[in-house]
> 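So that we are looking at the same thing, I have put the structure below in structure tokens.
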Amino acid sequence: LTSSALLTACGGERTPPASNASAFTPDDAQLLEEIADTILPTTPASPGARTAAVAPILALLVNDCYDEGAQRRIRDGLAALRALCDHRCGGPFTKLSPAERERLLGEVDAEAVTQGEAHWFHLARELSLRAYFSSEIGMTRALRYVRVPGRWTGCVPLEPGQPAWV
């Protein structure tokens, strides 16, 4: 940080950020965490997305890293999923069995494939993967994390079923 940038950052009037109507709510983050846990469930080899507590990471990514259009797309998609669950399943996504969740998300994914990148589910899946594999659990228990700097080993034998290295 240069001294002029530091002085600029520390001086002058501060205005609070404008309120963002597209920002994620805690309910949105919890629903997206449930979706992430359906995509990345707990298995004998690794804990799932809920265990990794990805909801705060999801909210942070959506609110701070995506523009209002993407935020709105995800929020509208989550609202549509809530309505679909109420209409077709008689209750919220969180009350569905794992098999019902998988079936429903499979249908949403098939719809997303036909509609292309504009569909909200592509972004929701990407967020789920980023949040999970950026978490400590995702890095150390689903993948094999090797702290850097470390020793370079050009050829590492993998055992059958061994997770990838990060």
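Sequential numbering from 1 along the given sequence is applied to the chain's residues.
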> Any chance you could measure Leu31, atom CG, to Asp27, atom CG, to the nearest 0.5 Å?
9.0 Å
> Taking all heavy atoms of Arg88 and all of Arg103, pick out the closest pair and write down the distance.
NH2-NH1, 3.7 Å
> What's the spacing between Ile137 CD1 and Leu143 CG if we round to 0.5 Å?
12.5 Å
> Between His122 (side chain) and Ala112 (backbone), is there a donor-acceptor pair under 3.5 Å?
yes
> Determine whether Ile35 and Leu32 satisfy the following criterion, side-chain contact (heavy atoms from CB on, under 4.5 Å), listing intermediate values before the conclusion.
CA-CA 5 Å; Ile35 292 169; Leu32 194 52; 4.2 Å; yes
> With a 4.5 Å heavy-atom cut-off, do Leu78 and Trp120 have their side chains touching?
yes
> Say you draw a straight line from CZ of Arg130 to CD of Glu126; how long is it, rounded to the nearest 0.5 Å?
4.0 Å
> Rounded to the nearest 0.5 Å, how far apart are CG of Leu58 and OG of Ser128?
6.0 Å
> Treat each ILVMFWY residue as a node, draw an edge where side-chain heavy atoms are under 4.5 Å apart, and state whether Leu60 and Met139 are in one component.
no
> Can you measure from CG (Leu104) to CG (Asp109) and round to the nearest 0.5 angstrom?
11.5 Å
> Quick one: are Ile39 and Tyr132 in side-chain contact, heavy atoms under 4.5 Å?
no
> Which atom names give the shortest non-hydrogen contact between Arg101 and Leu96, and what distance separates them?
NE-O, 3.4 Å
> Can you name the closest pair of heavy atoms from Ala118 and Arg73 and give their distance?
O-CD, 3.0 Å
> To the closest 0.5 Å, what do you measure between CZ (Phe121) and CD (Glu111)?
10.5 Å
> Could you tell me which non-hydrogen atom of Ala131 sits nearest to which non-hydrogen atom of Ile57, and how far apart they are?
CB-CG2, 3.6 Å
> Please report the closest heavy-atom contact between Pro163 and Ala142, naming both atoms and the distance.
CB-O, 3.1 Å
> So does Glu34 pair up with Arg50, basic N to acidic O under 4.0 Å?
yes
> With a 4.5 Å cut-off on side-chain heavy atoms, are Asp28 and Val62 touching?
no
> Which heavy atom in Thr51 sits nearest to a heavy atom in Thr42, and how many Å separate them?
OG1-OG1, 3.8 Å
> Side chains of Arg75 and Thr25, heavy atoms from C-beta outward: is any pair under 4.5 Å?
yes
> Any side-chain heavy atom of Gln71 sitting closer than 4.5 Å to one from Phe24?
no
> Who pairs with Leu129 by side-chain contact (heavy atoms from CB on, under 4.5 Å), at least two apart in sequence or on another chain?
Leu40, Arg125, Phe133
